[in-house]
Participant: 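Before we start, here is the structure in question, set down as structure tokens.
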Amino acid sequence: MPSSGKPRVRFAPSPTGYLHVGGARTALFNWLFARHEGGMLLLRIEDTDVERNRPELVEGILEGLRWLGIDWDEGPLFQSRRLPLYREAAERLLASGAAFACYCKAAAYSGADAPEEQEGEGDDEEPKVTRALPCLCRDLSDTERSARQREGMPRAIRFRVPRTDRTGFEDAVFGPRQVENAEIEDFVLLRSNGLPTYQLSVVVDDLDMRITHIIRGADHLSNTPKQVLIYQALGARPPVFAHVPLILGPDRTRLSKRHGATSVGSYAEEGFLPEAFRNFLALPGWSPGDDSEFLRTAEIIQRFSLSGVSRTNAIFDRPKLEWFNTQYLQKLPVEELLPYAEAELKRAGLWEGSRASRDRAWFRQAVDLIRPRTRLLGDFTDWARAFFTDGFGYDTEAREKFWKQEHLPAMLGALAEALAALPEWNHDACEAALRGLAAAEGVKAGLLINATRVAIVGRAVAPPLFDTMVVLGRERVLDRLRRAIPLLGNPPPEG
RNA sequence: GGCGAUAUCGUCUAAGGGUUAGGACGUGGCCCUCUCAAGGCCAAAAUCCGGGUUCGAAUCCCGGUAUCGCUACCA
């Protein structure tokens, strides 16, 4: 089969939950590989498990991918709409003798830590057989088989795994792998309800979609020999496998709801920047080979390679994610940040009618001033609220800490006058006015500065005062000073 | 239980026979300072254990242990 030489990879989530961190990382690696190589990324929805499948979750997964900036070139393709393909493949394997019909009762899975054996306690109530015993249907004679078929017994199709030899493949991350065929059970290809199992559908689709590299979680490593067996039985050459290590929770167990936020959607809501999240997500399990960590997406794409993928599971490191976010919040060109800040303000209802919405240059200036101390996007509407609206309150702790001095009302009144009289409104003029007043009153400038800050933005946590004054503008500063004076020294209202 | 993979500071990782085992997050301290951040400097912090090969092992080999994965008519 002639190939164009350009790799084709796929991300194949099953809609049994939201897009979680692990899946997102797998998707990201596929995407990075495809973009690095100039190849194609396909999106395939593996929805063959009617029991657990929830179609309404598909849109959420796509949304998560879009938020992450992971775009795909083909799909989404749904396995549930390709059922005849799998049946046909199963029939073909049956006909060639590579598979056999199995009439056994389907054994329900009893959970990962179901008791394996009983302790010989003497109770011989129906022993739970959880171990897959070798299936006798494998050796059914033709007459036995047709008898069962005549009876209309439900039938599954199992792969006839060779009893001898070994099956091997080369993993781009884990290296050469060999497994004794005797260790592999006669696994099911087609369930008695006619739906394919993962092992079958994944091979049929990867073949049909001409996938060249299968990049997926290392939890699939152990099952890969089964798939190699299917490829061989179908007369096909397996693609390149590249298994990537798993991301675990802080307790070293697989990441799950138990660990709090694990869906990428929750990180979007929390106010993480997609690119920061991407940068963070690229690093566990992959390294560019040197010490660089702050890597913009274009650079990650340029440097990504399967040879940089590690073989050890990594623990999800939330503090580092936050660090990445603060880095992006600070280092990105302001212009890139504006759309995010705007969306945030809209979300908080602070955008309409605001100066930010009318005056782009001012908005840029404000965002640039605020961003060094933002950690999440929500900070633009949280502590920085006063930059975008007059409707803000005064932080209780800030009042208690900085509004204690009894002469403050008089001094701030005097400050307002001095500021009003300034011929020009700029950083140095404001500073000179305030420091001059402090000197005249015989108080430390810091006292006035901190009190003024609380008065004009309601918070102790804010950018440097004189920069803040410039951005707010004289009118607002004076209004807010005058508004705050009556409140000074009064205890903050309870509740 | 069986089979497999993996093992470097608390976390993510670099070093792939010779380095004072490097960087980053986090932690502590100092500087800057107008609050809070950011930034700068400094510090504590690791080669899972035991054998072997070698002049020399984090690195190669063997054993143990731990962790994770698979062992489903889940994916």
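Predicted model only: the values in this text are computed from it and were never measured. So you know, we letter chains A, B, ... as the sequences are listed, proteins then strands, and number each from 1.
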Participant: Given that both distances must come in under 3.5 Å, which nucleotide forms a Watson-Crick or G-U wobble pair with G10(B)?
Facilitator: C25(B)
Participant: Looking at every strand, decide which applies to H243(A) at a 4.0 Å heavy-atom threshold: base, sugar-phosphate, or nothing.
Facilitator: nothing
Participant: Identify which nucleotide among A24(B), C73(B), C3(B) has an atom closest to any side-chain atom of E183(A), counting heavy atoms from C-beta outward.
Facilitator: C3(B)
Participant: With sugar-phosphate meaning primed atoms plus P, OP1 and OP2, does G285(A) contact a base, only sugar-phosphate, or nothing at under 4.0 Å between heavy atoms?
Facilitator: sugar-phosphate
Participant: Ignoring hydrogens and geometry beyond distance, is the side chain of S222(A) in donor-acceptor contact with the base of C3(B) at under 3.5 Å?
Facilitator: no
Participant: Can you tell me how far P in C70(B) sits from the matching atom in G10(B), rounded to whole Å?
Facilitator: 28 Å
Participant: Does R25(A) make a cation-pi contact with F29(A) (under 6.0 Å, within 45 degrees of the axis)?
Facilitator: yes
Participant: Within the 4.0 Å heavy-atom criterion, would you say P464(A) contacts the bases, only the backbone, or no part of the nucleic acid?
Facilitator: base
Participant: May I have the distance from K444(A) (atom NZ) to U35(B) (atom C1'), rounded to whole angstrom?
Facilitator: 14 Å
Participant: Out of U71(B), C36(B), G2(B), which has the shortest distance to the side chain of R373(A)?
Facilitator: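 In terms of side-chain proximity for R373(A), the closest of U71(B), C36(B), G2(B) is C36(B).
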Participant: Any base atoms under 4.0 Å from Q199(A), or only sugar-phosphate, or nothing? Heavy atoms, all strands.
Facilitator: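 Here Q199(A) touches the bases of the nucleic acid.
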Participant: What's R311(A) touching, base or sugar-phosphate or nothing? Going by heavy atoms closer than 4.0 Å.
Facilitator: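 R311(A): backbone/sugar contact only, no base atoms under 4.0 Å.
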Participant: Answer with base, sugar-phosphate or nothing: what part of the nucleic acid does P463(A) contact at a heavy-atom distance below 4.0 Å?
Facilitator: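 Contact class for P463(A): base.
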Participant: Decide yes or no on side chain to side chain donor-acceptor pair (under 3.5 Å) for R216(A) and T224(A), but give the supporting numbers first.
Facilitator: CA-CA 11 Å; R216(A) 73 207 334 176; T224(A) 304; 3.3 Å; yes
Participant: Over how many whole Å does the gap from F187(A) atom CZ to U71(B) atom P extend?
Facilitator: 12 Å
Participant: Just checking S192(A): base, sugar-phosphate only, or nothing, at a heavy-atom cut-off of under 4.0 Å?
Facilitator: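 Base contact.
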Participant: Of the listed nucleotides (A24(B), A7(B), A75(B)), which one gets closest to any side-chain atom of W323(A)?
Facilitator: A24(B)
Participant: May I ask you to verify if any side-chain N or O of R158(A) is less than 4.0 angstrom from the OP1 or OP2 atom of C73(B)?
Facilitator: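 Affirmative; the distance criterion is met.
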Participant: Just checking F294(A): base, sugar-phosphate only, or nothing, at a heavy-atom cut-off of under 4.0 Å?
Facilitator: nothing
Participant: With sugar-phosphate meaning primed atoms plus P, OP1 and OP2, does R177(A) contact a base, only sugar-phosphate, or nothing at under 4.0 Å between heavy atoms?
Facilitator: sugar-phosphate
Participant: Rounded to whole angstroms, how far apart are CG on L248(A) and C1' on G10(B)?
Facilitator: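 It works out to 15 Å between those atoms.
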Participant: Side chain of S287(A): nearest nucleotide among A24(B), A14(B), U71(B)?
Facilitator: A14(B)
Participant: With a 4.0 Å cut-off on heavy atoms, is L221(A) in touch with a base, just the backbone sugar-phosphate, or nothing at all?
Facilitator: nothing
Participant: Any salt bridge between R163(A) and E185(A), counting N to O under 4.0 Å?
Facilitator: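 Salt bridge absent between R163(A) and E185(A).
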Participant: Measuring from the side chain of I449(A) (C-beta onward, heavy atoms only), which nucleotide among C34(B), U6(B), U13(B) has the closest atom?
Facilitator: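 Taking heavy atoms from C-beta onward, the closest nucleotide is C34(B).
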Participant: Please give, in whole Å, the distance from C36(B) P to L376(A) CG?
Facilitator: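 After rounding, the gap between these two atoms is 20 Å.
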Participant: Counting only heavy atoms not in K331(A), do more than 12 sit closer than 6.0 Å to its NZ atom?
Facilitator: yes
Participant: Within the 4.0 Å heavy-atom criterion, would you say D317(A) contacts the bases, only the backbone, or no part of the nucleic acid?
Facilitator: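 Base, at least one base atom sits under 4.0 Å.
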Participant: What is the distance, to the nearest angstrom, from the CD1 atom on I300(A) to the P atom on C12(B)?
Facilitator: 18 Å
Participant: To the nearest Å, how far apart are R371(A) CZ and A38(B) P?
Facilitator: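 About 15 Å, once rounded to whole Å.
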Participant: Check this for me: does any side-chain nitrogen of one of R44(A) and E46(A) sit under 4.0 Å from a carboxylate oxygen of the other?
Facilitator: yes
Participant: For side chain to side chain donor-acceptor pair (under 3.5 Å), just list the numbers for Y86(A) and D205(A), CA-CA rounded to whole Å, side-chain angles, deciding distance to a tenth of an Å, and then say yes or no.
Facilitator: CA-CA 8 Å; Y86(A) 315 126; D205(A) 275 348; 2.6 Å; yes
Participant: In terms of the angle between their ring planes, are F280(A) and F277(A) parallel, tilted or perpendicular, with boundaries placed at 30° and 60°?
Facilitator: tilted
Participant: Do the side-chain N or O atoms of R435(A) get closer than 4.0 angstrom to the phosphate oxygens (OP1, OP2) of C34(B)?
Facilitator: yes
Participant: Between E293(A) and K320(A), does any NZ, NE, NH1 or NH2 come within less than 4.0 Å of an OD or OE carboxylate oxygen?
Facilitator: yes
Participant: Can you tell which of C70(B), U13(B), U35(B) lies closest to the side chain of N223(A)?
Facilitator: C70(B)
Participant: Please report, rounded to the nearest Å, how far the P atom of G69(B) is from the CZ atom of R252(A).
Facilitator: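 Spelled out: CZ on R252(A) to P on G69(B) is 13 Å.
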Participant: Checking all strands, does T48(A) fall into the base, sugar-phosphate, or nothing category for heavy-atom contacts under 4.0 angstrom?
Facilitator: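 Sugar-phosphate contact only.
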Participant: A314(A) side chain: which of C12(B), U71(B), U35(B) is closest?
Facilitator: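 Side chain of A314(A) sits closest to C12(B).
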Participant: At 4.0 Å (heavy atoms only), tell me whether Q327(A) reaches a base, stays on the sugar-phosphate, or touches nothing.
Facilitator: sugar-phosphate
Participant: Hey, which sits more toward the 5' end of RNA chain B by its nearest nucleotide, R25(A) or Y103(A)?
Facilitator: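 First, find each residue's nearest nucleotide; the 5'-ward one identifies R25(A).
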Participant: What nucleic acid atoms does C102(A) come within less than 4.0 Å of, heavy atoms only: base, sugar-phosphate, or nothing?
Facilitator: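 Contact class for C102(A): none.
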Participant: Can you measure R375(A) atom CZ to A37(B) atom P for me and round it to whole angstrom units?
Facilitator: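 Rounded to whole Å, this separation is 10 Å.
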Participant: Work out how far the C1' atom of G18(B) is from that of G50(B), and round it to whole angstrom.
Facilitator: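 After rounding to an integer number of Å, I get 24 Å for this pair.
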